[in-house]
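Just so we're on the same page: letters track the sequence lines, and every chain starts at 1. Since the structure is predicted, the reported quantities are computational estimates derived from the model, not experimental observations.
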Number of protein chains: 2
Amino acid sequence: MKKTAGREPAVSKKISEKKEQIRLHLKQKGFKATRQRDIIAGEFLRSGEHVTAEDLYKNISRKHDDIGFTTVYRTLKLLSRSGLATERVFADQLTRYEPISSESHHDHLICLKCGAITEFENLKMERLQEKIADEFGFHIVTHKMEFYGYCRACR
Amino acid sequence: MKKTAGREPAVSKKISEKKEQIRLHLKQKGFKATRQRDIIAGEFLRSGEHVTAEDLYKNISRKHDDIGFTTVYRTLKLLSRSGLATERVFADQLTRYEPISSESHHDHLICLKCGAITEFENLKMERLQEKIADEFGFHIVTHKMEFYGYCRACR
DNA sequence: CATATTATTGAAATTGAATTTCATTTTCTT
DNA sequence: AAGAAAATGAAATTCAATTTCAATAATATG
Ligand SMILES: [Mn+2]
Ligand SMILES: [Mn+2]
Ligand SMILES: [Zn+2]
Ligand SMILES: [Zn+2]
């Protein structure tokens with residue numbers, strides 16, 4: 001008995017909402033809804049975060065050996081353009097994607113030993129950044145802040 | 001009359017000190033002092049900051065068409081290993097090098113329109129970063145912080 | 001439902017920066 | 001001066017990212 005009786009878990013709900021958002025974006029831009037896009041978006045939205053196109057491709061191709069890397073790659077780009085994913089490049093220079101969650105902005109702590117990526121959000125920090133930029137007459141559009149070091153488990 | 005009579009300007013002094021530092025590093029590691037390394041290091045140390053290997057190669061090859069790109073590339077790596085340069089990768093994903101100045105650490109404001117790179121240092125920020133990391137039991141080794149937006153001239 | 005139109009797919013090719021290879025040259029040591 | 005070891009530079013290689021293109025699938029229209 002694997003099927004969930006009664007109401008769906010919160011995660012599934014969010015995923016269907018997001019899939020709806022993709023469909024809207026596609027229709028609006030004159031693009032098409034395809035089986036591949038559905039599968040890829042579904043797997044991505046439910047996947048662990050910070051995946052590379054390669055990562056996701058490997059996961060998906062286990063079950064769907066007819067879906068090619070290029071389509072996974074292009075779908076991740078599409079999700080980014082649709083406002084459902086962000087591209088991130090950390091020190092290893094690989095492009096990673098993460099679903100955009102309602103909890104908008106966050107930055108990252110990256111462990112040099114185990115590779116764990118921890119997310120954080122700090123309002124004081126964001127304010128201080130604005131203040132610094134102001135001093136230079138600089139208007140911030142985006143920022144990148146990453147800490148590299150050793151996580152609790154690794155140090 | 002281009003030659004400076006009397007004492008040398010501060011910049012030149014620093015450069016000769018740095019060149020001495022390279023020579024020490026080379027000898028210590030059993031490496032050799034070459035004409036190319038001398039020219040490349042000299043040009044780099046006196047160059048504008050945040051240059052790519054390609055940038056520096058183009059500058060140098062105007063006067064020295066016998067110095068190849070590979071050697072420029074390798075010398076920048078060598079300078080980095082010797083503690084005289086740092087590698088930086090901004091949003092365009094190109095590896096840039098900057099001389100390490102006595103004023104150690106700084107972060108960057110990068111203009112999305114004109115590409116200007118402004119440096120800043122903020123002690124309060126650094127302290128806050130440590131504080132945030134502490135909350136996660138994380139020990140910071142390095143960090144990356146960049147603001148992307150519009151500089152005073154461009155906005 | 002058939003067909004036309006247009007976008008999508010996926011394998012393969014291309015790009016471009018970074019890095020390595022290797023034959024030749026240069027430096028440094030005896 | 002001769003030998004040992006490292007450096008040089010052109011060319012080759014790597015590898016993720018991106019593009020190309022012929023075949024296929026999705027939608028719109030009648
Ligand atoms: Mn994240
Ligand atoms: Mn700098
Ligand atoms: Zn760790
Ligand atoms: Zn500007």
Side-chain angles (χ1 to χ4, degrees), chain A residues 19 22-44 50-82 85-97, chain B residues 19 22-44 50-82 85-97:
Chain A
K19 284 195 171 179
I22 299 172
R23 274 184 212 106
L24 284 174
H25 179 85
L26 292 178
K27 200 152 279 180
Q28 187 206 339
K29 298 263 179 176
F31 297 147
K32 289 170 181 171
T34 66
R35 180 181 61 89
Q36 289 91 332
R37 283 177 175 164
D38 198 60
I39 291 166
I40 295 166
E43 281 301 312
F44 171 65
H50 312 117
V51 291
T52 63
E54 190 64 33
D55 290 340
L56 188 60
Y57 167 67
K58 279 183 184 151
N59 282 341
I60 289 175
S61 58
R62 284 192 216 126
K63 297 221 160 200
H64 307 275
D65 66 341
D66 61 324
I67 295 185
F69 169 81
T70 312
T71 303
V72 174
Y73 165 78
R74 281 190 285 225
T75 302
L76 287 171
K77 288 281 189 191
L78 179 65
L79 289 168
S80 303
R81 275 179 261 125
S82 310
T86 21
E87 298 190 358
R88 303 267 189 190
V89 181
F90 300 130
D92 62 6
Q93 302 298 94
L94 296 178
T95 301
R96 291 162 192 281
Y97 296 83
Chain B
K19 285 195 170 179
I22 300 171
R23 275 183 212 107
L24 284 174
H25 178 86
L26 293 177
K27 199 153 280 180
Q28 188 207 339
K29 298 262 181 179
F31 297 148
K32 289 171 181 171
T34 67
R35 180 181 62 88
Q36 289 92 330
R37 284 178 174 165
D38 199 60
I39 291 167
I40 295 166
E43 281 302 313
F44 171 64
H50 312 119
V51 291
T52 63
E54 191 63 34
D55 290 341
L56 188 60
Y57 167 67
K58 278 181 185 152
N59 281 342
I60 288 175
S61 59
R62 283 193 217 126
K63 298 218 160 200
H64 306 276
D65 68 340
D66 61 326
I67 295 184
F69 168 80
T70 313
T71 304
V72 173
Y73 165 79
R74 282 191 285 225
T75 302
L76 287 170
K77 288 282 190 191
L78 178 65
L79 289 167
S80 302
R81 276 179 259 125
S82 311
T86 22
E87 297 189 358
R88 302 268 190 191
V89 181
F90 300 130
D92 63 5
Q93 302 297 95
L94 296 179
T95 301
R96 291 163 192 280
Y97 296 83

- Residue list, side chain to side chain donor-acceptor pair (under 3.5 Å) with A/D92, at least two apart or on another chain: A/R96
- Protein-nucleotide distance (A/L76, atom CG; C/dT8, atom C1'), rounded to Å: 16 Å
- Query: Rounded to the Å, how far apart are B/L26 CG and C/dT27 C1'?
  - Reply: 12 Å
- Task: Please list, by residue number, the residues of residues 29-43 of chain A whose heavy atoms come closer than 4.0 Å to an atom of DNA chain C; answer none if no residue qualifies.
- Result: A/G30, A/F31, A/K32, A/T34, A/Q36, A/R37
- Task: Identify, with sequence neighbours excluded, every residue that meets side chain to side chain donor-acceptor pair (under 3.5 Å) alongside B/K29.
- Result: none
- Whole angstrom is fine here: how far is it from NZ in A/K77 over to C1' in C/dT8? 18 Å
- Query: To the nearest 10 degrees, what angle separates the axes at the start and end of the helix from C/dC1-D/dG30 to C/dT30-D/dA1, five pairs each?
  - Reply: 20°
- Note on the structure: Atom CZ of A/R74 and atom P of C/dT9 are separated, to the nearest Å, by 7 Å
- Note on the structure: Separation of D/dA17 atom C1' from A/L78 atom CG, nearest Å, is 17 Å
- Item | Protein-nucleotide distance (B/D55, atom CG; C/dA18, atom C1'), rounded to Å | 15 Å
- Would you kindly give the CD-to-C1' distance between B/E54 and C/dA18, to the nearest whole Å? 12 Å
- salt bridge (Lys or Arg N to Asp or Glu O under 4.0 Å) against A/R37, all qualifying residues, sequence neighbours excluded: none
- Query: Among all residues two or more places apart in sequence or in another chain, which pass the side chain to side chain contact (heavy atoms under 4.5 Å, CB included) test with A/T70?
  - Reply: A/R74
- For A/T86, check side chain to side chain contact (heavy atoms under 4.5 Å, CB included) against everything at least two apart and list the hits. A/R88, A/E98, A/I100
- Message: If you assign B/K27 and B/Y97 each to the DNA chain C nucleotide with the nearest heavy atom, which residue ends up on the more 5' nucleotide?
- Response: B/Y97
- Message: My understanding is that only residues two or more places apart in sequence, or in another chain, count here; which of them pass salt bridge (Lys or Arg N to Asp or Glu O under 4.0 Å) with A/D65?
- Response: none
- For B/R81, enumerate each residue passing the side chain to side chain donor-acceptor pair (under 3.5 Å) test, keeping only those at least two apart in sequence or located in another chain. none
- Should the pair B/F31 and B/H25 be assigned to parallel (<30°), tilted (30 to 60°) or perpendicular (>60°) ring geometry? tilted
- Would you kindly give the CG-to-C1' distance between A/D66 and D/dT24, to the nearest whole Å? 12 Å
Atom pairs under 3.5 Å: protein N/O with N/O of nucleotides 12-17 of chain C:
none

- Fit a plane to each ring of B/F44 and B/Y97, take the angle between them on a 0 to 90° scale, and name the class: parallel (under 30°), tilted (30 to 60°) or perpendicular (over 60°). perpendicular
- Query: Of all residues at least two apart in sequence or in a different chain, which pass the side chain to side chain donor-acceptor pair (under 3.5 Å) check with A/K27?
  - Reply: none
- Message: If you compare every side-chain N and O of A/Y73 against the phosphate oxygens of D/dA17 (OP1, OP2), does one of them come in below 4.0 Å?
- Response: no
- Task: Name all residues meeting the salt bridge (Lys or Arg N to Asp or Glu O under 4.0 Å) criterion together with A/D38; count only those two or more places apart in sequence or in a different chain, and write none if there are none.
- Result: A/K19, A/R23
